[in-house]
Number of protein chains: 2
Amino acid sequence: MSSKPEPLFQPLARDALSQQIARMLTDAIVSGKLKPGDRVAESVIAREFGVSRAPVREAARLLESTGLLVSHANRGFFVRTIDAEDLDSLYELRLCIEREAAARVVREGKVAGIIDRLRAQIEDMVGMSEENQLILQIGVDLQFHRLIVESSGNKRFVAAFDKLASEIQACTAMIETVFDEPGLVARNHYLIIDALLSGDQDEARAALDYHIGVARETVVGRFRKLEAEEAAKR
Amino acid sequence: MSSKPEPLFQPLARDALSQQIARMLTDAIVSGKLKPGDRVAESVIAREFGVSRAPVREAARLLESTGLLVSHANRGFFVRTIDAEDLDSLYELRLCIEREAAARVVREGKVAGIIDRLRAQIEDMVGMSEENQLILQIGVDLQFHRLIVESSGNKRFVAAFDKLASEIQACTAMIETVFDEPGLVARNHYLIIDALLSGDQDEARAALDYHIGVARETVVGRFRKLEAEEAAKR
DNA sequence: CGATTGTCGTTTGTCGACAATTTCGCTTGA
DNA sequence: TCAAGCGAAATTGTCGACAAACGACAATCG
């Protein structure tokens with residue numbers, strides 16, 4: 001017999017049901033299958049998955065802590081509605097974290113270790129952009145930024161970023177085709193790479209100020225427009 | 001009859017068991033009755049409160065999302081252990097948020113509206129410091145900073161700050177008598193007020209850089225020392 | 001006809017029980 | 001003596017059930 005038998009099967013996903021359900025729900029929200037304001041009734045979800053309400057409840061509480069769901073006492077869970085102002089706050093916080101993370105990456109000379117992966121992710125983005133895979137592109141985009149945050153070495157930055165990212169992803173996915181020119185946003189990430197490579201902390205900060213500022217204006221602006229249309233409708 | 005009937009009763013506090021339990025547990029942790037690494041078994045807590053495990057479980061999940069507890073699959077909840085490096089990350093994130101919040105408070109001219117409350121809180125701190133009510137003083141200290149964050153108008157800042165604050169409170173409470181001179185730390189807050197009143201964003205940022213920097217060095221330094229002692233012991 | 005009250009269905013909050021998993025003391029064998 | 005293995009006890013993950021709370025609509029009263 002082989003001393004190290006090639007594993008015939010993957011260990012099957014045995015994390016708690018609640019975790020699997022949380023993932024499913026997250027996907028449904030960030031991909032827009034569940035829309036802001038939609039009710040997420042424990043009993044309904046439980047029936048659909050064929051499980052009891054307990055794990056669903058836990059999954060919901062988990063998503064509540066990440067901000068994707070909100071709960072009203074005795075009335076259950078709803079997909080978080082988010083207004084332009086709130087989204088703007090979100091971007092402001094994201095900016096705080098990401099610029100300092102980038103500064104730290106530069107300060108501690110960790111750019112070289114991630115530069116290849118960053119480049120690869122930009123390529124991925126460009127590709128997806130050309131195929132109009134907007135939602136996937138947003139995912140990779142956030143991965144790119146996450147990688148910077150991650151290699152700052154500050155675990156709290158990462159945790160906070162992740163929390164924001166899922167919400168930003170959900171919001172950005174809501175507004176189809178935000179961006180004018182295919183691949184433009186993707187390629188703009190090269191400016192960040194340049195700034196990181198410059199070795200100047202302030203330049204790194206400025207690059208992110210600019211980059212996130214553009215995204216912020218675009219997405220928030222779009223949101224305000226949607227809100228205005230919505231308000232005019234009634 | 002009065003057109004707008006003066007409400008005769010306050011809505012009575014009827015929050016769920018889980019919320020009450022969460023509060024109790026939080027108190028126990030930040031006051032140091034539960035120490036980092038301690039096991040928090042659902043069944044034990046449930047027995048003590050005389051309730052079933054469900055609300056305890058939910059309370060625990062709530063505290064997990066605030067970072068006070070951690071859960072290991074199939075092994076339950078434990079009071080979060082925190083090392084000096086992690087605490088340092090915590091302070092770094094806190095600094096990011098708070099300095100930008102302060103800058104925004106200055107930028108939007110909201111200083112006047114809170115200055116009285118800020119002063120009152122410093123007085124409270126001084127009083128508690130003189131009575132050696134360290135834990136209470138820490139609470140008011142964080143309230144002071146929270147007030148600044150809150151009046152930045154950025155709800156995300158507040159949410160993130162709250163999450164950090166509970167952990168910082170727990171950690172600071174662990175190390176008795178961190179501070180040399182009674183009332184010194186409390187009175188140092190006047191420097192922040194001065195900076196806010198100066199109307200200069202950068203000055204506000206600098207004041208918080210300094211203030212939080214001192215706290216960071218003190219608390220983290222103390223933590224490192226504790227860790228070293230702990231390591232030497234074995 | 002409008003406002004208040006009663007009722008009903010649905011959903012959450014909580015419970016006690018069972019199955020699955022981990023932990024720990026004990027035995028066993030080298 | 002000590003390590004590995006086994007089994008009982010304790011603990012978590014999940015379940016189905018019940019009671020309380022909520023929202024909506026019908027019934028009642030002015």
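Naming: A, B, ... by sequence-line order, numbering from 1 per chain.
Partners of B:E108 under the side chain to side chain contact (heavy atoms under 4.5 Å, CB included) rule, at least two apart in sequence or in another chain, are B:R104, B:K110. A:S31 is linked by a side chain to side chain contact (heavy atoms under 4.5 Å, CB included) to A:K33, counting only residues two or more places apart in sequence or in another chain. With sequence neighbours excluded, the residues forming a salt bridge (charged side-chain N to carboxylate O under 4.0 Å, His left out) with B:E64 are B:R61, listed by chain and number. Partners of A:Q121 by side-chain hydrogen bond (donor to acceptor under 3.5 Å, both in side chains), not counting sequence neighbours: none found. Residues passing the side-chain hydrogen bond (donor to acceptor under 3.5 Å, both in side chains) test with B:R117, sequence neighbours excluded: none.
With rounding to whole Å, A:R75 atom CZ is found 11 Å from C:dT12 atom C1'. Here C:dG13 presents its P atom at 13 Å from CD1 of B:I21, a figure rounded to the nearest Å. D:dT12 atom P lies 10 Å from atom CG of B:N74, rounded to whole Å. Protein atom CZ of B:R47 is 10 Å distant from nucleotide atom P of D:dT12, rounded to whole Å. One interatomic measurement links the two molecules: CG of B:L17 to P of C:dG13, which rounds to 11 Å at whole-angstrom precision. One atom, NE2 of A:H72, and another, P of D:dA21, lie 19 Å apart when rounded to the nearest Å. When rounded to the nearest whole Å, the span between CZ of A:F77 and C1' of D:dC22 equals 16 Å.
Listed by first and then second residue, the salt bridge (Lys or Arg N to Asp or Glu O under 4.0 Å) pairs that reach into residues 44-54 of chain A are A:E42-A:R53, sequence neighbours excluded. Applying the salt bridge (Lys or Arg N to Asp or Glu O under 4.0 Å) test to residues at least two apart or on different chains, the pairs with a partner in residues 143-153 of chain B are B:R146-B:E150, B:R146-B:D162.
Of the residues in residues 36-44 of chain B, those placing a heavy atom less than 4.0 Å from an atom of DNA chain D are B:A41, B:E42, B:S43, in numerical order. Within residues 48-68 of chain A, the residues that place at least one heavy atom under 4.0 Å from DNA chain C are, in residue-number order, A:R53, A:R57.
At least one side-chain heavy atom of A:F144 sits less than 4.5 Å from a side-chain heavy atom of A:I148.
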